[in-house]
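I have placed the structure first, in the form of structure tokens, so that the comments after it can refer back to it.
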Amino acid sequence: MRDLKELRDEILNALQNAKPEEYESLKIKYLGRKGVITSVLRGLKDVPKEERKSIGMEANKLKKEIEDFFKLHSPEKGKTSSKKFTDYTLPGRKKNLGAFHPINRALDEIIDIFMRLGFSIEYGPEIESDYYNFEALNVPKHHPSRDMQDTFYIDGSDKLLRTHTSPVQIRTMEKSQPPIRMIAPGRCYRKDEIDPSHSPVFHQVEGLFVDRDVTFADLKGILSVFAREFFGPETKTRFTPSFFPFTEPSSEMYVSCVFCGGKGCNVCQHTGWLEVLGCGLVNPKVFEYVGYDRDKYNGFAFGLGVERFAMLKYGIDDMRLLFENNTEFLKGVIK
Amino acid sequence: MRVSLEWLSEYINIEGLDLPSLLEECGFPVEETIKQGNDTILDIEVTANRPDMLSMIGVAKEIRAKTGLELQLPATYVFSDERSWDDFTVEVENYDDTPRYMVCRLDNVDVKESPAWLKNRIKSYGLNPKNILVDLTNYIAVELGQPLHAFSESLVQGKMIKVRRAVSGEKIVTLLGEEKQLDDSILVIADTNKPIAIAGIIGGEESGVKENTESFIIESAYFNPVLVRIGSKKLNIKTDASYRFERGGYFSSPEFALKRFLYLLKKELPEVKISLPIDVHDNEPSEVEIELNRDFIRERLGYDISDERINEILKRFDFVVKERSVVIPDFRRDLKEPIDLVEEIGRIYGYSNIPNRVRIPEGVYASNNKMYILNKKIRSALVDLGYYENVTLGLVSGDELKRIYGDVANFVRIANPINKNIEYMSPTPSINLLKVVKNNILKSNRNLKIFEVGKGFIKTGAEFGERNMLSAQISGMVEEKEWYNSPRNVDFYDIKGLAGYIFDLFNIESIEETEADHPLFEKENSIAFKKDGVEIGYCGKIKREIISFYDIENDVYGLDIDADKLLDYTKERGYERPSVYPSIYRDLALVIDMNLRYGDLLNVIYKVNSLPSLKVRLFDLYTGKQVPQGKKSLAVNLEFNGVTRTLKDDEVEAVVSSMLEELNKKFGAYLREK
Ligand SMILES: [Zn+2]
């Protein structure tokens, strides 16, 4: 066994005087599988037991010193100089981000806003029964309002593809008691040809708020907060009467045009307003279907098309782009 | 509904009104404003609950309700000394189908061209003027919303009309020359011989008004809307009349419309002889009386509107307002309940005048939805890894399914698809992702990492399965070529690594990896993941014949994971104090036959181990000159730890020796010589 101190001096001296191109071979000489330090450590088993510990520690300390030297002086493979020129303009080794889909970006934001307002998330099946999709929502068979939602039916079954996320209202009320605040995001299907503003598959968020003493003022209040959170603090809202069998009174919410700020442009057809969602007070007949006391509870409901929100928010003018999934498109541009 | 302002001003003075805003506030937005000569036409959108708004008089009444302006009702004919029509009978088979049916006989009719005023108004609605008889029936439909039907008297055989269900096997050739098969769901107007018209939908071939005829029958009726709708759908005939009838009729309408028609006819053709009407009807329905609770109205609207204001608005609708109830005229049959009055007050008072209120009700807090959290976590993680999130339609063709799965028996088919390309519900987002890969390659995006969290649908017997799935696909190079790297093409281990990452994300351990036999993936380049014997996912190289079908040349690797199962098996990650005792490491370079699997070795290593903690890391895989042909070397690093005590060298040596012995016995493995 060589004297470790002697060995240390010899090695450190050699390292100090070595040229960078010699580092690699020195590294193998000292630290390699058959290197000097390795054999010292291996030889420990022959050292008397009482010395083994201290020699072992010394040897390991030296090993660390040598390793540190190489770490400090490690050039890129074969490249020279410990004072390498750093061209800080070279691109860094950056991992590239992927991208969220604009529909889901909008959806995430919508969900986030309603969660802050105390709404829970509920999901429901896309293959639905006529009962949940229409009947319990006060849309009887052969009612002309079914025309608004031309339906896909499932072959060999009485089931259908839900035409809206409203069935989740019914499913939620069936399994829980008021007060309720929930939103139901999801896919819906209607027999529409694919064009710049239609798709047979699209996404909706349904909302439901049931409690005692819920008024039209609550509906306006919550949905106006939502519109400002989503489209920006300057956003104004306007409510006009409409018709949905499952709400009474029914309404459409308009927001001040996000493109012209309400001055009038092509997108808003020079009205300054954009129609963005349908809403209303829950029709008491719907409460009858789910077994709620219609004299005790009331509520409001709404439904919005996620594609439309995404297109307005991100300035996308053709719905087909959303379903093409061209990576260049999905990456987006910073605006 | 096209509303001519020239026409409308016959009933109400609209001068100075901003009608588009006013109508929109009432719930009837103007879709288009059309200039036609000196006239302006507003095309308004009418909701399905308000058939009364499909008429000029309905629109005028709505404006009156909103503004309080005077309304001028149209003049009607008054019967006096007309002869009755004795030799003719009308039979109604069922009053549920036909609550009211009226006819008059018209003789000495000169079927001439309409006067200019009539032609103009017919044109304003978008129709072509034909002759005075046809134009006047159309005029009444637009003015009052009641379709009328005029047909030649000689068309009717046997001096009688019967309004009845068709008999299965009966046929009719319509006015448009199409032959239609009828059945007992369809209501017809028949003579003793055969159907001459489909009730409320369209007349028969012969029933067109011919100029050389002098005697006509004019029909004004109220048919069951549901029957008209069923018939219209079944026969695939949509007419202005069917559109109006299926939205509903009401009892007083046929009579008023008939009298209005006769008034105008007589004015234009004074020589016409009119018979007394034959009026077959059910009992007149009792009037609709709705409870009027003004507090309820204020409560629902959330606004303190006065009793007087409420009464005033209701009166403007022609409602009879009593102390505690309101009587509704029958043209507003959409109003049935107190809540319907809330809407009427709200609309006319103006939704904009109702304040906004934001309140958090007691006892409600947003609960967590596990599927939502999972969805968000996966998507964020994959986007961070450089993946692009996709949203595809989730519908595929039967042809694709057949090519991939052999047949379509287990898939959900849409009975009435738009086209064959989107006829089936896809069992996995993967199929549509392949099309995304193809389309991106066409656009020169070759290095792809894409994913979709979507639904997969299957059919088992009569049951439908709907599950949440994560599908991902990669193709091309691992990363773009940069100055600092030399990227390689993606391979099986990249997609398997992604699967492992997802399992780590949800803290799912001890996943069993087995040979897969999945229709999407090459058998020799794929794997199935199981947890407790349950399949939770697959990954591998997409079969060549599948990607060729999508015209993709590059290799594509894919992943299908059942996201619902991730939720079933996910665990919380807790914490433990790390061992204070040093680990002992051993490196083994094991030489084995090329076709043996690392996983099998690993199982033996773990099985033989008897020490408290062992971690194994494969840090090198070598094939080449340094090992005999047909062999490979797997270098593993073993980290042993005593957890509660210091391990002794010799116990580790003993364990490692037995491992080597066992590996040699089982696989012929030996240590690679230094
Ligand atoms: Zn605008």
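Below, each value reflects all heavy atoms present in this structure, side chains not excepted, and no hydrogens, waters or symmetry copies.
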Region of B:Pro225 that comes under 4.5 Å of a non-hydrogen atom in chain A: neither
Among A:Ile103, A:Val225, A:Ile222, A:Asp108, which residue forms the greatest number of heavy-atom pairs with chain B at distances under 4.5 Å? A:Asp108
Which bit of B:Tyr387 is near chain A, if near means a heavy-atom gap under 4.5 Å: side chain, backbone, both or neither? backbone
B:Glu466 side chain vs A:Glu126 backbone, donor-acceptor pair below 3.5 Å: yes
Measure distances from B:Lys435 to the heavy atoms of chain A and classify the residue's part below 4.5 Å as side chain, backbone, both or neither. neither
Tell me, for A:Asn104 versus chain B, whether the close heavy atoms (under 4.5 Å) come from the side chain, the backbone, both or neither. both
If you count heavy-atom pairs under 4.5 Å with chain B, which of A:Lys141, A:Glu193, A:Lys95, A:Glu275 comes out on top? A:Glu193
CG on B:Asn356 to OG1 on A:Thr237, rounded to 0.5 Å: 6.0 Å
Heavy-atom distances under 4.5 Å only: say whether B:Asp340 touches chain A with side chain, backbone, both or neither. both
Chi angles and distances behind the side chain to side chain contact (heavy atoms under 4.5 Å, CB included) call for B:Val412, A:Ile127: CA-CA 10 Å; B:Val412 183; A:Ile127 298 179; 4.0 Å; yes
With side chain to side chain contact (heavy atoms under 4.5 Å, CB included) as the test, would you mind laying out the steps for B:Glu337 and A:Lys285 before giving the verdict? CA-CA 10 Å; B:Glu337 291 202 39; A:Lys285 289 197 193 100; 3.2 Å; yes
Please evaluate residues A:Thr215 and B:Glu299 with respect to the criterion side chain to side chain contact (heavy atoms under 4.5 Å, CB included), reporting the C-alpha separation (whole Å), side-chain torsions for both, the decisive distance (0.1 Å), and the verdict. CA-CA 7 Å; A:Thr215 75; B:Glu299 278 162 19; 5.7 Å; no
Measuring heavy-atom distances to chain B, does A:Phe300 have an atom under 4.5 Å in its side chain, in its backbone, in both, or in neither? neither
If you count heavy-atom pairs under 4.5 Å with chain A, which of B:Ile418, B:Thr47, B:Asn375 comes out on top? B:Ile418
Of the backbone (N, CA, C, O) and the side chain (C-beta and beyond), which part of B:Phe457 lies under 4.5 Å from a heavy atom of chain A, both, or neither? side chain
Per the salt bridge (Lys or Arg N to Asp or Glu O under 4.0 Å) rule, what does the pair list look like for residues 440-454 of chain B, sequence neighbours excluded? A:Arg187-B:Glu452
Okay, A:Lys159 and chain B: the region with an atom under 4.5 Å from a heavy atom over there is side chain
Using only heavy-atom distances, determine whether the side chains of A:Asn326 and B:Asn445 contain a donor-acceptor pair under 3.5 Å. yes
From B:Tyr372 atom OH to A:Ile183 atom CD1, the distance as rounded to the nearest 0.5 Å: 8.0 Å
Any idea which of B:Glu482, B:Met371, B:Met425, B:Glu389 has the most non-hydrogen atom pairs under 4.5 angstrom with chain A? B:Glu389
Report yes or no: does A:Asp155 contribute a side-chain atom to a donor-acceptor pair with the main-chain N or O of B:Tyr424 at less than 3.5 Å? no
Is B:Lys459 in contact with chain A via its backbone, its side chain, both, or neither, using a 4.5 Å heavy-atom distance? neither
Which one of B:Gly386, B:Gly302, B:Gly394 has the most heavy-atom pairs closer than 4.5 Å to chain A? B:Gly386
The test is salt bridge (Lys or Arg N to Asp or Glu O under 4.0 Å); show your working for A:Arg238 and B:Glu24 and say whether it passes. CA-CA 11 Å; A:Arg238 195 159 67 93; B:Glu24 191 180 71; 2.6 Å; yes
Bottom line for B:Leu433: the part with an atom under 4.5 Å from chain A's heavy atoms is neither
Bottom line for A:Glu122: the part with an atom under 4.5 Å from chain B's heavy atoms is backbone
Can you give me every donor-acceptor pair (side chain of residues 113-121 of chain A, partner residue at least two apart or in another chain, under 3.5 Å) with its distance?
{"from": "A:Arg116", "atom 1": "NH1", "to": "A:Asp112", "atom 2": "OD2", "distance (Å)": "2.6"}
{"from": "A:Arg116", "atom 1": "NH2", "to": "A:Glu229", "atom 2": "OE1", "distance (Å)": "2.5"}
{"from": "A:Ser120", "atom 1": "OG", "to": "B:Ser367", "atom 2": "N", "distance (Å)": "2.9"}
{"from": "A:Ser120", "atom 1": "OG", "to": "B:Ser367", "atom 2": "OG", "distance (Å)": "3.4"}

Heavy-atom cut-off 4.5 Å, strictly under: side chain, backbone, both or neither for A:Thr271 against chain B? neither
With a 4.5 Å heavy-atom cut-off, do A:Arg93 and B:Trp483 have their side chains touching? yes
Do any of residues 346-354 of chain B have a heavy atom less than 4.5 Å from a heavy atom of chain A, and if so, which, in residue order? B:Arg347, B:Tyr351, B:Ser352, B:Ile354
Among the listed options A:Thr240, A:Ile194, A:Thr327, the residue most often paired with chain B at heavy-atom distances under 4.5 Å: A:Thr327
Taking atom CZ of A:Arg105 as the centre, report whether more than 12 heavy atoms of other residues, nucleotides or ligands fall under 6.0 Å from it. no
Comparing A:Gly280, A:Pro125, A:Ser242, A:Ser224 against chain B, the one with the most heavy-atom pairs below 4.5 Å turns out to be A:Pro125
Is there side-chain contact between B:Asn439 and A:Glu324, with heavy atoms separated by less than 4.5 Å? no
Identify which of B:Asn485, B:Val436, B:Asn440 forms the greatest number of heavy-atom pairs closer than 4.5 Å to chain A. B:Asn440
Out of B:Val391, B:Ile422, B:Leu395, B:Thr392, which residue meets the side chain to side chain contact (heavy atoms under 4.5 Å, CB included) rule with A:Val201? B:Leu395
Distance (rounded to the nearest 0.5 Å) between A:Lys191 NZ and B:Ile414 CD1: 10.0 Å
Enumerate the salt bridge (Lys or Arg N to Asp or Glu O under 4.0 Å) contacts for residues 214-227 of chain A, please, sequence neighbours excluded, ordered by first and then second residue. A:Asp218-B:Arg357, A:Asp218-B:Arg359
Can you tell me how far CG of A:Leu330 sits from CG of B:Asn390, rounded to the nearest 0.5 angstrom? 6.0 Å
Do you know which of A:Phe100, A:Phe323, A:Phe202 has the most heavy-atom pairs under 4.5 Å to chain B? A:Phe100
Do the side-chain N and O atoms of A:Asn96 and B:Glu480 include a donor-acceptor pair separated by under 3.5 angstrom? no
A:Pro140 versus chain B, the contacting section by heavy-atom distance below 4.5 Å: neither
Which region of A:Ser157, side chain (C-beta onward) or backbone (N, CA, C, O), has a non-hydrogen atom less than 4.5 Å from a non-hydrogen atom of chain B, or is it both or neither? side chain
A:Ile111 versus chain B, heavy atoms under 4.5 Å apart: side chain, backbone, both or neither? side chain
Using modelled atom types and a 3.5 Å cut-off, is there a donor and acceptor pairing between side-chain atoms of B:Asn416 and backbone atoms of A:Thr151? yes
Among the options A:Pro241, A:Gly98, A:Gly221, pick out the one with the most heavy-atom pairs lying under 4.5 Å from chain B. A:Pro241
Highest number of heavy-atom pairs under 4.5 Å with chain A: which of B:Leu382, B:Ile339, B:Asn368, B:Leu448? B:Ile339
Does atom CD (A:Gln269) have a neighbourhood of more than 12 heavy atoms from anything else shown, all under 6.0 Å? no
At their closest point, which heavy atom of A:Leu97 faces which heavy atom of B:Tyr388, and how far apart are they? O-OH, 4.1 Å
Okay, A:Leu161 and chain B: the region with an atom under 4.5 Å from a heavy atom over there is side chain
With a 4.5 angstrom heavy-atom cut-off, which part of A:Leu281 approaches chain B: side chain, backbone, both or neither? side chain
